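Working notes, structure below.
The figures here come from the full heavy-atom set of this structure, side chains too, leaving out hydrogens, waters and symmetry mates. Note that ligands are numbered from 1 as they come in the structure, with each ligand's atoms numbered from 1 the same way. Keep in mind that this is a model prediction, so the values were computed, not measured.
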Amino acid sequence: MKPMPRQSRRTVVIGVAGGYGAGEHACQDGPEVLRLLGFLRELEAGPGGVHWQEVIHLSAAGHAGDAASAIAGITARLAAAVQRSLDDGHFPLVIGGDHSCAIGTWSGVQASLAAHAADDRLGLIWLDAHMDSHSFRTSPSRAIHGMPLACLLGAGIGDLRLDATCVAAGRLLPENVCLIGVRSFESGEARLLADLGVRVYLMDEVRARGLAVVFREARAQVAATSAAYGISLDLDALDPAEAPGVGSPVPGGILLDDLAAALRSLHDDPRLLALEIVEYNPYRDRQFATARAIQALCRSLLE
Ligand SMILES: [Mn+2]
C-alpha cells in the first residue's frame, strides 16, 4: 500500500450497529442517529468528500444467541469492509457501536497491510477512559467491549472465534501501542499491559504534561517501528461534561479542544491509515453535545 496523502483519499464511513459488547446495548443506535441526523453531512462536500458506505447490522444468521457469536459475526463483516476500503485507496472512518468493533476494524487494517505492504506492522493509539484489556478470565463483567485491545495484542480473551480473528490478521506488537486518557481500570488488565510493556498514559500524566506533548510522544512511538498507524477513539476518553453521550462515562477526561488540536496535527500524515470512533450512546447525549463533538473531531482531522 503506497502512502497517499489523506486529501487524495476519499473518506468512507462504515457504521457498526453493535451493542452486544456492553451490558447495555444502547450504543448500537449511535451510527444510525449520526447518519440520519446528518452530523457528517457538511464534511461530505469538503475536499476528498466523506461517503457513508453502510451501517453494519447484526444479521439473524450471524447471531446464535450469545454476545460472543453476535460480535464474531459483526467482526468478520467489518474486517472485510475495512480491508476493502483500504484496498480501494480510501480512508476508513469506522463509527461504533461499542468498542468490541475494534477487533474487526484493526484486523481489517492489518489484513490489508499484510496483503499490500512490505512492512505489515501496525501502530495504534488507543484513546480511552478504560484499558479494554481484559479476558474472560479477568473481567468481572465479562463484557467484550472491555477486551478488544487484549484480543488485538494476541493475549487471548478466551473466545476462539474472536481470538482466531486477531491471530489470522496478525497481531499488534506491544511497543506499537499507546493508551491515552485512562482513569478507570481493574488489576487483571493493568497487569497484562504492564507484563507486555504497553505504554499507558494515565489521565494524571495527560493533565500534568498536556495532551499535545503526550500525543506527540505517543505518535512518535507507535510510528517508530511501523509503516502505518491508526487511532481508536473511545468517546469516553473525553470529559463527560463535554461528551455525556457515551456508554460508560468517567469524570475527569480529555478536553474536546485539546483532542481536536491533536487530531488536526495528523491532518497531513499519510501514515495514518484509519480512524475509529466508538461508544456513542445517543440516549445519554444532551442537546447533541456528543454528536457535535464527533463532528468537530472529524472536521479537525479531515478538513
Ligand atoms: Mn473502550
Side-chain angles (χ1 to χ4, degrees), residues 15-28 30-31 67-68 71 74-75 78 93-107 109 124-136 138-153 155 157 159 162 166 172 177-186 188-190 192-193 196 198-203 206 215 218 222 230-240 242-254 259 263 274-282 284-285 290 293-294 297:
V16 191
Y20 281 82
E24 195 189 320
H25 298 172
C27 288
Q28 70 189 9
I71 291 165
I74 286 182
T75 295
L78 174 59
L93 168 57
V94 174
I95 303 278
D98 74 65
H99 214 163
S100 63
C101 70
I103 299 169
T105 300
W106 305 107
S107 294
V109 173
L124 190 59
I125 297 176
W126 191 281
L127 291 144
D128 208 308
H130 309 90
M131 289 181 168
D132 293 1
S133 297
H134 270 300
S135 66
F136 281 108
T138 62
S139 168
S141 71
R142 300 179 66 79
I144 296 173
H145 75 155
M147 307 182 186
L149 187 53
C151 191
L152 289 163
L153 287 162
I157 62 174
D159 180 88
L162 295 169
C166 297
L172 288 175
V177 179
C178 285
L179 284 86
I180 301 178
V182 174
R183 55 200 185 275
S184 171
F185 55 92
E186 278 105 22
E189 52 181 349
L192 174 74
L193 294 179
L196 291 172
V198 173
R199 180 69 163 98
V200 179
Y201 294 93
L202 297 176
M203 202 55 217
V206 175
F215 197 85
V222 304
I231 295 180
S232 185
L233 168 60
D234 189 321
L235 290 162
D236 69 24
L238 290 168
D239 196 288
E242 291 187 309
V246 301
S248 319
V250 185
I254 294 168
L259 185 54
L263 291 180
L275 169 67
E276 167 180 75
I277 301 179
V278 302
E279 297 274 343
Y280 173 49
N281 178 341
R284 281 219 186 97
D285 210 357
T290 314
I294 295 169
L297 294 170

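Scanning all heavy atoms of the two residues, the minimum distance from Leu192 to Ser133 falls at CD2-O, 3.5 Å.
Among the atoms of Asp132, an N, O or S atom falls under 2.8 Å of the Mn ion (ligand 1). The Mn ion (ligand 1) has no N, O or S atom of Glu279 under 2.8 Å away, backbone or side chain. Note on His130: not counted as a metal contact of the Mn ion (ligand 1), no N/O/S atom lying under 2.8 Å.
If you look at Asp234 and ask which of its N, O or S atoms sits nearest the Mn ion (ligand 1), the answer is OD2. Among the heteroatoms counted here (N, O or S) of Asp128, OD2 is the one nearest to the Mn ion (ligand 1). Within His99, ND1 is the N, O or S atom that lies nearest to the Mn ion (ligand 1).
Figure legend: Arg183 and Phe185 shown without cation-pi pairing, the cationic atom not lying both under 6.0 angstrom from the six-membered ring centre and within 45 degrees of its axis.
Partner Asp236 forms a side chain to side chain contact (heavy atoms under 4.5 Å, CB included) with one of Asp239, Leu238, Asp234 and no other, that one being Asp234.
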Sequence neighbours left out, cut at 3.5 Å: what donor-acceptor pairs do the side chains of residues 140-148 make with other protein atoms?
from   : atom 1 : to     : atom 2 : distance (Å)
Ser141 : OG     : Ala143 : N      : 3.1
Arg142 : NH1    : Phe136 : O      : 3.3
His145 : ND1    : Glu279 : OE2    : 2.9

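Ile231 CD1 to Leu263 CG: the interatomic distance, rounded to the nearest 0.5 Å, is 5.5 Å.
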